[in-house]
Amino acid sequence: MHPAYSVIFFTTASGAGYGLLFWLSLATAIAPDALGRWPSLAMLAVALVFVTAGLLASTFHLGHPERAPGALSQWRSSWLSREGVAAVATYVPAGLMGLLWLLGLAEGLIVPLALLTAAGAVATVYCTGMIYASLRTIRQWNRRDVPWIYLALAAATGGILFGLLGGLAGVAGRPIPMLTLACLLVAAGLKHRYWTAIDADPGAYTAKMAIGIPGLDTLRPLDAPHTMPNFVMREMGFTVARKHAEKLRRLTWIALFAAPALLLLLGVLTGLAVPVYLLAAISAATGVVLERWLFFAEAEHVSQLYYGRSRA
Amino acid sequence: MTSLPENTGTKLGLVIDLDICVGCQACATSCKEWNTGGYSAPLSDHDPYGADPSGAWLNRIHSYEYTRDGTSGTLHFPRSCLHCEEPDCVTVCPTGASYKREEDGIVLVNPDTCIGCKLCSWACPYGAREYDHDDGVMKKCTLCVDRIYNETLAPEDRSPACVRACPTGARAFGDLGDPDSEVSRSVAARGGFGLLEEFGYKPVNRYLPPRDRQPDPPAPSPEATPTPEPDGSALEALFAWVDRTLTARS
């Protein structure tokens, strides 16, 4: 599948934003006064900037962005619509929470709002993962673990942002790096299983099935229907050379999992927060963009059986 | 709107006879001609006369070589939307622009509400949907919904443009939900099949397979070619000398 930069930016930025929103809300629900009003408000603002920038970027690949509100209507059947509804709905408790912090009001209301915000963040990222996981045309996406990988990576990248901002505000606590580390390890485990599984799966569909004629012995493409690539080939026919994919996977392992995990451990051991989290954030950001690019580039679409691919 | 209709009694679709399709592209060009001015207007092209032409077409014709039971043949294979009974291209649409009509099963895109997210094209295993970069919406076969019910056209023209244009009669249009319709009877008689049935979208369009052929004649082998007896002439000696000389040099 063609890796559209707007979609890569959207899923990674909004993923980290929702991750940050999740940890902030969870921390607020558990100990409403621990972070303090202004650090909480600052973190909320950063989280919503990430989320909103991502959502805006996602409209760049639309042919008619001005009609985007219509995408909230089909939540009964469409994961993309559900994602839109969840994203918009999450703004409500998150915005009210921010308003309460801004005005210094109503301690009692913060906890339910924080819980709603955390649930909204999880639901939105889950829906993002399900948009891909629900497509049976792409075996690398049509997997149960895809939304969980999205959730684990959102929690890990958001946790690093949470640690960085907490360090800057001087309110870094001990449980957060350990939880972030746990999310990183879970994501690494899931991703390892994912890559092993997609490498072992040759694809259930063949070019002969695509043509459908019973009893064919051999089938060889002779003439393409058009002289130059069309939309279907450009959008669905993107392929990445295997050796490049392997190199990029190794880079992803280092930048997204190994380096941030070691840095977080270093932070726990030395008590350093800001420099460690800053480096971890830069590394993980690079890593998660690589991971998302590969998620698209390694995805093979069944329609390419009509354009020379023998299995998909 | 994006939820699929419970049941469409009528299942309008195409039956394409791969035995007699000659790959002339008349169906593709007549489709383009009608639809660039009809329901799907415009079907934009980019650089149509240049080095890298591309554009939105609703019908594509591939050619293959195949072998089957000791016979071989050339196959021309038109590919367009199959108006599936249970397609995810409809259910993934976030706006309801992609829909399946309850009255006749035609799968359409509403060009006024499509946001151009392309997710429906990702959900189609047949590559039947093409995005129009100028119009910013998805385009697909409409089964010429603006012809088949069009009472301003002569009755014989109330069929899809591709069917009307086919010079060999390889394309037929009708109700595949009615077992007594002409198209259903031809499917039953010829062993008509659907594409990628394993995938499970229940495509409505059917294809008729190439008919059985005579086995291919055996290929001539060098041993079978008779060698004339030598006659000892001077000319033959000359050629033998040339043959030896050239063989030695090479």
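What you see below is based on every heavy atom in this structure, not just the backbone, and it leaves out hydrogens, waters and symmetry mates. Lettering of chains follows the sequences in order, A, B, ..., and the numbering in each one begins at 1.
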Is chain B contacted by the side chain of A/A68, its backbone, both, or neither, given a heavy-atom distance below 4.5 Å? backbone

Mind checking the CG-NE2 spacing from A/L222 to B/H76? Nearest 0.5 Å is all I need. 8.0 Å

May I ask you to name which of A/G70, A/S58, A/A204 has the most heavy-atom pairs under 4.5 Å with chain B? A/G70

Taking a cut-off of under 4.5 angstrom between non-hydrogen atoms, the residues of residues 4-16 of chain A near chain B are none

If you tally heavy-atom pairs under 4.5 Å against chain B, which of A/H61, A/E66, A/R76 wins? A/H61

Looking only at heavy atoms, what is the nearest atom pair of B/S54 and A/P229, with distance? CB-O, 3.9 Å

Okay, B/F77 and chain A: the region with an atom under 4.5 Å from a heavy atom over there is side chain

Can you tell which part of A/P214 gets under 4.5 Å to a heavy atom of chain B, answering side chain, backbone, both or neither? both

Between chain A and each of B/E130, B/Q25, B/R129, count heavy-atom pairs under 4.5 Å; write down the option with the most. B/E130

Test log, rule side chain to side chain contact (heavy atoms under 4.5 Å, CB included), inputs A/N230 and B/R60: CA-CA 10 Å; A/N230 68 342; B/R60 301 285 195 177; 3.4 Å; yes

B/P210 versus A/I213, closest heavy-atom pair with distance: CD-CD1, 3.7 Å

Pair count under 4.5 Å, heavy atoms only, with chain A: among B/T74, B/D52, B/D132, B/D88, highest is B/D52

Heavy-atom nearest pair, B/C93 first then A/S78, reads O-CB, 3.5 Å

When rounded to the nearest 0.5 angstrom, what distance separates CD in A/Q74 from OG1 in B/T113? 9.0 Å

Taking atom CZ of A/F231 and atom CE of B/M138, what is their separation to the nearest 0.5 Å? 4.0 Å

Atom pair CG/CG of A/L62 and B/L119 - distance to nearest 0.5 Å: 11.0 Å

Scored by heavy-atom pairs under 4.5 Å with chain B, the best of A/G212, A/S81, A/P225 is A/P225

Below 4.5 Å, heavy-atom pairs only: which of B/A51, B/S121, B/P78, B/A28 has the largest tally toward chain A? B/S121

Steps toward side chain to side chain contact (heavy atoms under 4.5 Å, CB included) verdict (A/E235, B/W122): CA-CA 9 Å; A/E235 182 83 356; B/W122 293 6; 2.8 Å; yes

Please classify the contact of B/L18 with chain A as side chain, backbone, both or neither, using a heavy-atom distance under 4.5 Å. side chain

State, with a plain yes or no, whether a side-chain heavy atom of A/T137 is found less than 4.5 Å away from one of B/P125. yes

CD of B/E65 to CG of A/L219, rounded to nearest 0.5 Å, is 9.5 Å

A/Y132 versus chain B, heavy atoms under 4.5 Å apart: side chain, backbone, both or neither? side chain

Taking atom CZ as the centre, does B/R213 end up with more than 12 heavy-atom neighbours from other residues, nucleotides or ligands that are less than 6.0 angstrom away? yes

Please flag which part of A/L135 lies under 4.5 Å from any non-hydrogen atom of chain B: side chain, backbone, both or neither. side chain

Where is the tightest heavy-atom contact between B/P53 and A/T227, given as atom of each residue plus distance? CG-OG1, 4.2 Å

Which pair of heavy atoms, one from A/D217 and one from B/G70, lies closest together, and at what distance? OD2-N, 4.3 Å

Residues of residues 302-312 of chain A with any heavy atom under 4.5 Å of a heavy atom in chain B: A/V302, A/S303, A/L305, A/Y306, A/Y307

Is it true that atom CD of B/E103 has more than 12 heavy atoms of other residues, nucleotides or ligands lying nearer than 6.0 Å? yes

B/Y131, part contacting chain A, at a heavy-atom distance under 4.5 Å: both

Contact class of B/D135 relative to chain A, heavy atoms under 4.5 angstrom: backbone

Highest number of heavy-atom pairs under 4.5 Å with chain A among B/P209, B/G55, B/C114 belongs to B/C114

Contact class of A/W141 relative to chain B, heavy atoms under 4.5 angstrom: side chain

If I take atom CZ from residue A/R220 and atom OG from residue B/S72, how far apart are they, to the nearest 0.5 angstrom? 11.0 Å

Under 4.5 Å between any side-chain heavy atoms of A/R67 and B/V137, yes or no? yes

Using a cut-off of under 4.5 Å on heavy-atom pairs, state which of A/M236, A/H226, A/M1, A/R136 scores highest against chain B. A/R136

Chain B contact via A/R234 - side chain, backbone, both or neither, heavy atoms under 4.5 Å: side chain

So with a 6.0 Å cut-off around CD of B/E182, is the heavy-atom count from everything else above 12? no

Which atoms of B/A128 approach chain A - backbone, side chain, both or neither, heavy atom under 4.5 Å: neither

So, the part of B/L195 with a heavy atom under 4.5 Å from chain A: the answer is both

How about CH2 on A/W293, more than 12 heavy atoms from neighbouring residues, nucleotides or ligands closer than 6.0 Å, or not? yes

Could you tell me which non-hydrogen atom of A/L80 sits nearest to which non-hydrogen atom of B/C117, and how far apart they are? CD2-SG, 3.8 Å

Ranked by heavy-atom pairs below 4.5 Å to chain A, first place among B/F199, B/Y207, B/W57, B/Y201 goes to B/F199

